[in-house]
Peer 1: 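Structure in structure tokens, see below.
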Amino acid sequence: MLNKTYTPGEIETALYEGWESAGAFAAKPDSNAAPYTIMIPPPNVTGSLHMGHALTFTIQDTLIRWRRMSGRDALWQPGTDHAGIATQMVVERLLAEEGTTRQALGREKFLERVWQWKGESGGTITRQLRRLGASLDWPRERFTMDDGLSAAVREVFVTLYKQGLIYRDRRLVNWDPKFQSAISDLEVENQEVRGNLWHITYPIDGEEGRFITVATTRPETMLGDTAVAVHPEDERYKDLVGKFAILPIVGRRIPIVADEYSDPEKGTGAVKITPAHDFNDFAVGKRHTLPMPSVLDREAKVTLAEIEDAITDIPGLAETTFLRTLEGLDRGMARKAIVAELERLGRLDKIEPHIHQVPHGDRSGVPIEPLLTVQWYANAHELAQPAIKAVEEGRTKFVPQQWENTFFAWMRDIQPWCISRQLWWGHRIPAWYGPDGHVFVEKTEEEAQAAATAHYGTETAIIRDDDVLDTWFSSALWPFSTLGWPEQTKELARYYPGDVLVTGFDIIFFWVARMMMMGIHFMGDVPFKEVHIHGLVRDEKGQKMSKSKGNVIDPLDLIDRYGADALRFTICALTGPGRDVKLGAARVESYRSFVTKLWNASRFCEMNAIAPDPDFTPDQATLPLTRWILAALNDTIVEAGVALEAYRFNDYAGACYRFTWNLFCDWFLEFAKPALASAGPEATEVKRTAAFVLGRILRLLHPAMPYVTEELWNRFGYGAPNTLIATAWPQAEPVPGAEAARAELDWVVRLISEVRTVRAEMNVAPSQLGAILLKDASPESLARGERWFEAIGRMARASSFGPLDSDVPQGSAQAVIGEATIVLPLGGLIDLGAERVRLQKERGKIAGEAEKMAKKLGNADFIARAPEDIVEENRERLATMQAEIARLDAALSRIATA
RNA sequence: GGGCGGUUAGCUCAGCGGUAGAGCGUCUCGUUUACACCGAGAGGGUCGGCGGUUCGAAACCGUCACCGCCCA
């Protein structure tokens with residue numbers, strides 16, 4: 001006997017272990033079934049499950065379970081990402097607590113420590129995925145730093161290097177002073193900062209008393225100025241172009257150049273050019289072949305080393321004693337000191353408050369310092385071309401399609417991808433240097449050594465590059481590296497390309513684009529046929545969840561409180577294509593009711609000895625009731641399948657919800673009660689049908705609510721224990737006489753609803769039973785009413801049912817159903833005035849609509865131009881409404897004369 | 001500045017040329033032996049504004065406003 005309420009906490013773990021130990025999640029590379037592959041976006045190994053994960057993994061699990069049930073050989077590839085910076089930060093924080101640092105430990109010991117940490121704590125996220133019910137093929141779990149995946153990384157790096165698609169270059173990079181590493185453009189976030197625009201006067205060389213005023217947001221970088229730029233068309237400065245200014249504080253003589261970069265509308269129209277610390281200035285510097293001295297080091301502290309030769313002591317303008325005090329000063333301190341000095345020297349024209357965008361490291365949160373360094377780059381532009389083409393040709397489709405625009409916009413203007421990071425945790429770049437700096441890129445040290453020996457003609461010591469690769473470099477290989485590449489495995493041949501990649505839009509550039517590039521380059525085919533981009537999870541108010549706002553909801557907490565099924569179903573129900581999901585505990589709580597409803601309906605079935613009968617098929621149904629519910633089930637099966645095909649999880653959830661609750665529970669089980677209480681062939685058919693339909697409901701809901709459905713599957717013995725997961729997805733099956741059954745049951749539903757409405761509006765207590773009389777009813781209607789009297793009696797609180805041939809009794813309420821008028825003799829219970837008002841209101845509503853309709857049909861243009869069937873439909877509707885009005889008028893006149 | 005998305009019932013959203021809908025919430029009634037995590041019923045919207053196309057517009061086009069996001 002099922003308990004009165006469902007308690008997910010008690011059964012979820014056991015069910016999951018049951019599936020996992022039975023290998024229910026396993027792909028079957030040897031089967032004949034068509035494969036269906038989803039590669040998990042590998043969560044950071046440092047991570048724990050947040051709502052964003054819950055959303056994306058619920059969607060993926062729903063898809064994978066559905067396809068698995070549909071007969072596909074489903075592979076959902078699990079794994080985690082080594083997450084270079086994030087993981088290094090976590091372990092460095094631990095070291096800090098122990099009062100040490102990674103530098104003190106040394107690279108080797110530090111890496112050992114990270115691996116140790118990974119061994120102890122890296123399994124959190126995968127345990128949490130299990131709680132969510134994610135049916136990942138765990139024995140295939142991969143980690144981006146596994147031996148196999150590392151081999152793939154080296155293979156790709158070496159190949160691209162030898163193809164000239166990876167190269168070293170000295171250029172300006174986004175430097176994160178906190179991590180002291182380069183980061184890619186994508187890891188930079190612009191933040192609005194309230195700052196100042198400092199107007200500084202630079203004297204013109206050789207023209208006593210003349211100066212040019214530059215406006216800058218970063219006075220501290222002026223030490224590295226090598227020019228002042230003005231717009232070539234700017235009349236104010238035309239005569240100064242070609243002359244020189246003296247850089248205050250430093251004393252360097254710098255040219256005034258004409259360059260279109262300088263905007264006459266902004267500031268003073270003259271800008272200082274610091275090529276080594278600003279991307280725009282770098283471009284100007286290149287155009288005018290300016291020197292590019294760095295004046296900030298890797299910690300963003302002032303360094304004078306590269307401007308030593310330019311330092312000139314000019315009393316009152318550039319005093320070396322002051323300049324020397326800047327050495328080693330943090331950039332913020334240096335700004336203050338320089339501004340104060342300019343003030344003292346009388347070179348500060350004005351200070352304007354100014355709001356501007358400042359690039360920040362997305363993980364460190366500190367302002368980025370553009371820095372001239374040598375880094376490794378991938379030629380993203382060239383790799384992007386085939387990826388663009390693949391999307392243009394529809395070999396990979398985005399759903400919703402609008403995201404293709406985002407993808408194209410970025411890919412068509414893609415910049416070189418800086419792939420080296422000055423970190424320790426990650427894939428160390430397979431590059432070695434000889435004593436003269438000659439680089440040898442090979443997969444192993446032995447090969448590099450051999451190459452060096454060949455190159456120098458004698459065995460020569462080489463040292464390995466210290467840098468590691470951007471974490472996204474290995475992620476980019478995920479769709480094939482996880483399947484064993486560069487080995488040509490059976491899995492690789494079978495599961496590549498994947499069917500769909502499911503992810504959020506925030507990761508299109510970081511990951512999707514790069515998988516497309518690498519997949520096409522190395523596999524010769526796209527990594528996935530579709531990319532499903534879903535929305536973001538937000539809180540109930542639509543705010544982004546963040547720790548600082550304190551509005552973060554923990555999915556594990558929701559699972560504890562309401563069960564994984566409730567959370568999963570809520571996510572499905574709220575996930576429309578491309579829409580953000582606003583989610584709060586209240587939402588999950590209300591969908592938990594649905595889980596309970598299903599449980600209780602099952603409990604009712606159990607109480608009535610409803611048990612699965614494997615020999616039952618829908619074509620055996622003979623009764624209107626069973627045919628009706630089976631036909632409706634067919635509609636639902638079709639609806640659910642169409643919705644899932646289109647990634648419309650809300651429609652899928654909605655279709656199942658409505659069928660289960662509003663049809664199966666609210667009507668079918670209620671109608672079935674009389675039959676269930678009896679014995680005989682009718683009772684048997686109703687029970688067999690109920691069991692059949694319940695079984696189909698469990699199958700339909702399983703992808704979204706795996707636990708409760710599997711539990712019920714087991715309790716009812718629909719199949720061997722824990723096999724719902726592997727049971728066939730339902731197909732619509734022919735139901736004989738479905739149309740007639742539908743007409744009959746729809747009529748009964750309408751009759752009951754009408755009677756209920758009238759009684760409720762007339763305030764008739766449910767305990768007060770009454771007769772239902774039909775006036776002007778066809779024999780068919782009367783027969784239906786009699787056939788269903790038992791159910792009608794219970795559901796509409798009726799004591800009798802029959803035709804009314806005589807006059808309407810005094811004190812009757814009336815309502816219209818088709819050709820007939822329902823008469824409820826309520827005697828003294830009824831307020832005639834209220835009944836009149838009610839009928840008039842009803843009449844008014846219909847008359848209003850009829851009037852609109854008549855007007856429409858009176859429009860010659862409408863008759864002439866609208867399609868035939870629309871006109872016909874409108875005519876019929878008008879006729880129906882007019883008949884109804886006539887019946888309501890009759891009902892009203894009866895009251896008037898009564 | 002460029003681009004994308006949104007604006008429909010109190011809330012969350014569906015509908016995307018032919019009768020304005022759902023869930024939740026609200027109100028009223030009700031413990032009728034599956035379920036109060038329940039049942040029955042009701043109220044509630046000039047579909048952001050303005051133009052246009054059309055026999056017909058919530059839907060299509062234009063424009064404006066506001067909100068959100070991405071890129072510079």
Side-chain angles (χ1 to χ4, degrees), chain A residues 1-2 4-6 185-186 189-190 279-280 357 400 402-406 408-410 413 505-506 508-509 535-536 538 540-544 562-563 566 570 573-584 586-587 589-608 610 648 650-651 653-654 657-658 661-662 665-666 669-670 673 676-677 752-767 769 793-797 845-846 848-850 852-853 855-867 869-871 873-874 877-878 880-881:
Chain A
M1 178 73 185
L2 298 178
K4 195 164 172 184
T5 49
Y6 172 62
D185 297 348
L186 285 176
E189 279 174 357
N190 283 311
F279 284 93
N280 290 311
Q357 300 284 327
Q402 66 189 68
W403 290 109
E404 288 177 8
N405 294 330
T406 307
F408 287 139
W410 190 67
D413 185 36
F505 59 81
D506 49 333
I508 291 177
F509 305 146
L536 248 45
R538 299 171 176 279
E540 297 108 313
K541 294 177 207 134
Q543 302 238 319
K544 220 168 166 173
Y562 307 113
T570 305
L574 300 179
T575 301
R579 281 209 85 105
D580 287 348
V581 175
K582 294 182 194 169
L583 203 144
R587 290 313 202 72
E589 187 176 355
S590 72
Y591 280 110
R592 191 249 321 248
S593 304
F594 179 55
V595 179
T596 308
K597 184 75 181 181
L598 174 65
W599 181 263
N600 279 311
S602 303
R603 189 161 161 266
F604 174 76
C605 289
E606 187 190 40
M607 288 167 64
N608 284 279
I610 287 167
R648 303 175 71 104
N650 55 336
D651 286 350
Y657 183 101
R658 281 191 302 275
W661 198 319
N662 303 126
C665 292
D666 287 350
L669 289 181
E670 293 302 326
K673 278 175 181 174
L676 293 174
I752 293 169
S753 300
E754 285 294 342
V755 174
R756 279 171 168 174
T757 302
V758 172
R759 289 177 58 105
E761 287 185 0
M762 290 286 100
N763 266 322
V764 182
S767 53
L769 302 187
R794 197 167 28 78
M795 296 167 77
R797 315 304 297 150
K845 219 159 67 181
I846 298 171
E849 265 181 58
K852 269 198 290 187
M853 191 67 57
K855 205 172 152 195
K856 201 172 181 180
L857 286 161
N859 182 346
D861 279 337
F862 174 69
I863 304 293
R865 304 208 176 193
D869 54 330
I870 295 290
V871 176
E873 191 191 316
N874 278 281
R877 219 151 55 206
L878 179 61
T880 308
M881 284 190 286

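Reminder, nothing fancy here: chain letters follow the sequence lines and each chain counts from 1. This one's a predicted model, so the numbers in the text were calculated from it and none came from an experiment.
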Peer 1: Under 3.5 Å for both donor-acceptor distances, Watson-Crick or wobble: does rU46(B) have a partner, and if so which one?
Peer 2: none

Peer 1: Check the distance between rC37(B)'s P and Trp599(A)'s CH2 and give it to me in whole angstrom.
Peer 2: 17 Å

Peer 1: On RNA chain B, check which nucleotide each of Met607(A) and Lys852(A) is closest to and give me the residue with the more 5' one.
Peer 2: Lys852(A)

Peer 1: How long is the line joining CD of Gln357(A) and P of rG1(B), in whole Å?
Peer 2: 14 Å

Peer 1: Would a distance-only check, ignoring hydrogens and angles, find a side-chain to backbone donor-acceptor pair under 3.5 Å from Arg759(A) to Ala765(A)?
Peer 2: yes

Peer 1: For Leu857(A) versus Val871(A), what's the shortest heavy-atom pair and its separation?
Peer 2: CD2-O, 4.1 Å

Peer 1: So if I take every side-chain heavy atom of Ile870(A) and compare against rA34(B), rG23(B), rG18(B), which nucleotide ends up nearest?
Peer 2: rG18(B)

Peer 1: Return yes if the base of rC37(B) and the side-chain atoms of Lys597(A) contain a donor-acceptor N/O pair under 3.5 Å, otherwise no.
Peer 2: no

Peer 1: Working to the nearest 0.5 angstrom, can you tell me the gap between Glu849(A) CD and Leu878(A) CG?
Peer 2: 11.0 Å

Peer 1: Whom does rA40(B) pair with, Watson-Crick or G-U wobble, provided both distances fall under 3.5 Å?
Peer 2: rU28(B)

Peer 1: Partner of rU33(B) by Watson-Crick or G-U wobble geometry, both contacts under 3.5 Å, or none?
Peer 2: none

Peer 1: Over how many whole Å does the gap from Phe594(A) atom CZ to rA22(B) atom P extend?
Peer 2: 18 Å

Peer 1: rG49(B) and rU7(B): how far apart are their C1' atoms, nearest whole angstrom?
Peer 2: 11 Å

Peer 1: Hey, does Lys845(A) reach any base, or is it just sugar-phosphate, or nothing, if we go heavy atoms under 4.0 Å?
Peer 2: nothing

Peer 1: Looking at the base of rC35(B), is there any donor atom on it, or on the side chain of Arg603(A), that sits under 3.5 Å from an acceptor on the other one?
Peer 2: no

Peer 1: Kindly point out which of rC37(B), rA34(B), rG39(B) is positioned nearest to the side chain of Trp661(A)?
Peer 2: rG39(B)

Peer 1: Report the base-pairing partner of rA65(B) (Watson-Crick or G-U wobble, both distances below 3.5 angstrom), or none.
Peer 2: rU7(B)

Peer 1: Do Arg797(A) and Arg756(A) have side chains that approach each other closer than 4.5 Å (heavy atoms only, starting at C-beta)?
Peer 2: no

Peer 1: I need the CG-C1' distance between Asn763(A) and rG30(B), as an integer number of Å.
Peer 2: 12 Å

Peer 1: Among the candidates rU28(B), rG41(B), rG15(B), find the nucleotide nearest to the side-chain atoms of Arg648(A).
Peer 2: rG15(B)

Peer 1: With a 4.0 Å cut-off on heavy atoms, is Cys605(A) in touch with a base, just the backbone sugar-phosphate, or nothing at all?
Peer 2: nothing

Peer 1: Main chain of Leu2(A), side chain of Glu606(A): is a donor-acceptor contact present, judged purely on distance under 3.5 Å?
Peer 2: yes

Peer 1: Mind checking if Glu761(A) touches a base, just sugar-phosphate, or nothing, with heavy atoms under 4.0 Å?
Peer 2: sugar-phosphate

Peer 1: Considering only side-chain heavy atoms of Leu669(A), which listed nucleotide, rC38(B), rC70(B), rA34(B), is closest?
Peer 2: rA34(B)

Peer 1: Does rG30(B) have its OP1 or OP2 closer than 4.0 Å to a side-chain nitrogen or oxygen of Arg756(A)?
Peer 2: no

Peer 1: Taking only the side-chain nitrogens and oxygens of Arg579(A), find out if one of them lies under 4.0 Å from OP1 or OP2 of rA14(B).
Peer 2: yes

Peer 1: Distance between the C1' atoms of rU8(B) and rA59(B), in whole angstroms?
Peer 2: 11 Å

Peer 1: Taking rA40(B) as the reference, what is the distance to rG23(B) when you measure between their P atoms (whole Å, please)?
Peer 2: 11 Å

Peer 1: Taking only the side-chain heavy atoms of Ser753(A) (C-beta and beyond), determine which of rU28(B), rG41(B), rG18(B) contains the nearest atom.
Peer 2: rG41(B)

Peer 1: From the options rG18(B), rC29(B), rA42(B), select the nucleotide whose nearest atom is closest to the side chain of Pro766(A).
Peer 2: rC29(B)

Peer 1: Rounding to an integer number of angstrom, what distance separates rG48(B) and rA20(B) when you compare their P atoms?
Peer 2: 16 Å

Peer 1: If I pick the P atom on rG51(B) and the same atom on rA58(B), what distance separates them, to the nearest angstrom?
Peer 2: 14 Å

Peer 1: State, yes or no, whether a side-chain contact exists between Lys673(A) and Phe604(A) at a heavy-atom distance under 4.5 Å.
Peer 2: yes

Peer 1: For Glu849(A), which contact category applies under a 4.0 Å heavy-atom criterion: base, sugar-phosphate, or nothing?
Peer 2: base

Peer 1: Could you tell me if Lys597(A) sits above the aromatic ring of Tyr657(A), with its cationic atom closer than 6.0 Å to the ring centre and no more than 45 degrees from the axis?
Peer 2: no

Peer 1: Please tell me if Ser590(A) has a side-chain N or O lying less than 4.0 Å from either OP1 or OP2 of rC37(B).
Peer 2: no

Peer 1: When all nucleic acid strands are considered with a 4.0 Å heavy-atom cut-off, which category describes Asn859(A): base, sugar-phosphate, or nothing?
Peer 2: sugar-phosphate

Peer 1: Should Trp410(A) be listed as having a side-chain N or O under 4.0 Å from OP1 or OP2 of rG2(B)?
Peer 2: no

Peer 1: If you assign Asn405(A) and Leu574(A) each to the RNA chain B nucleotide with the nearest heavy atom, which residue ends up on the more 5' nucleotide?
Peer 2: Asn405(A)

Peer 1: Take the protein atom CD1 of Ile752(A) and the nucleotide atom C1' of rG39(B), then report the distance between them rounded to whole Å.
Peer 2: 14 Å

Peer 1: Can you check the distance between rA14(B) and rG6(B), where both ends of the measurement are the C1' atom (answer in whole Å)?
Peer 2: 14 Å

Peer 1: Report which part of the nucleic acid Asp666(A) touches: base, sugar-phosphate, or nothing (heavy-atom distance under 4.0 Å, all strands).
Peer 2: sugar-phosphate

Peer 1: Got a donor-acceptor pair under 3.5 Å from the side chain of Glu670(A) to the base of rA40(B)?
Peer 2: no

Peer 1: Would you classify Tyr657(A) as touching base, sugar-phosphate or nothing, given that sugar-phosphate means primed atoms plus P, OP1 and OP2, and contacts are heavy atoms under 4.0 Å?
Peer 2: sugar-phosphate

Peer 1: Closer than 4.0 Å, any side-chain N/O of Lys582(A) to the OP1 or OP2 of rC13(B)?
Peer 2: yes

Peer 1: What's the CZ-C1' distance between Arg587(A) and rG25(B), to the nearest Å?
Peer 2: 11 Å

Peer 1: Rounding to a whole Å, what distance do you find between Arg759(A):CZ and rA42(B):C1'?
Peer 2: 16 Å

Peer 1: Which value, in whole Å, describes the distance between the P atoms of nucleotides rG44(B) and rA22(B)?
Peer 2: 14 Å

Peer 1: Find the distance Arg538(A):CZ to rG68(B):P and express it as a whole number of Å.
Peer 2: 10 Å

Peer 1: Quick check: closest heavy atoms across Leu669(A) and Ala601(A), and the distance to 0.1 Å?
Peer 2: CD1-CB, 4.1 Å

Peer 1: Using the P atom in both, what is the distance from rU33(B) to rG45(B), to the nearest Å?
Peer 2: 38 Å

Peer 1: Verify the contact: side-chain N or O of Lys4(A) to OP1 or OP2 of rC37(B), cut-off strictly under 4.0 Å; return yes or no.
Peer 2: no

Peer 1: Can you classify the ring geometry of Trp599(A) versus Tyr6(A) as parallel (below 30°), tilted (30 to 60°) or perpendicular (above 60°)?
Peer 2: tilted

Peer 1: Need the pair for rU12(B). Rule: Watson-Crick or G-U wobble, both distances under 3.5 Å, any strand; none if unpaired.
Peer 2: rA22(B)

Peer 1: Confirm from the modelled atom types if Thr596(A) and rC37(B) form a donor-acceptor pair under 3.5 Å, side chain to base only.
Peer 2: yes

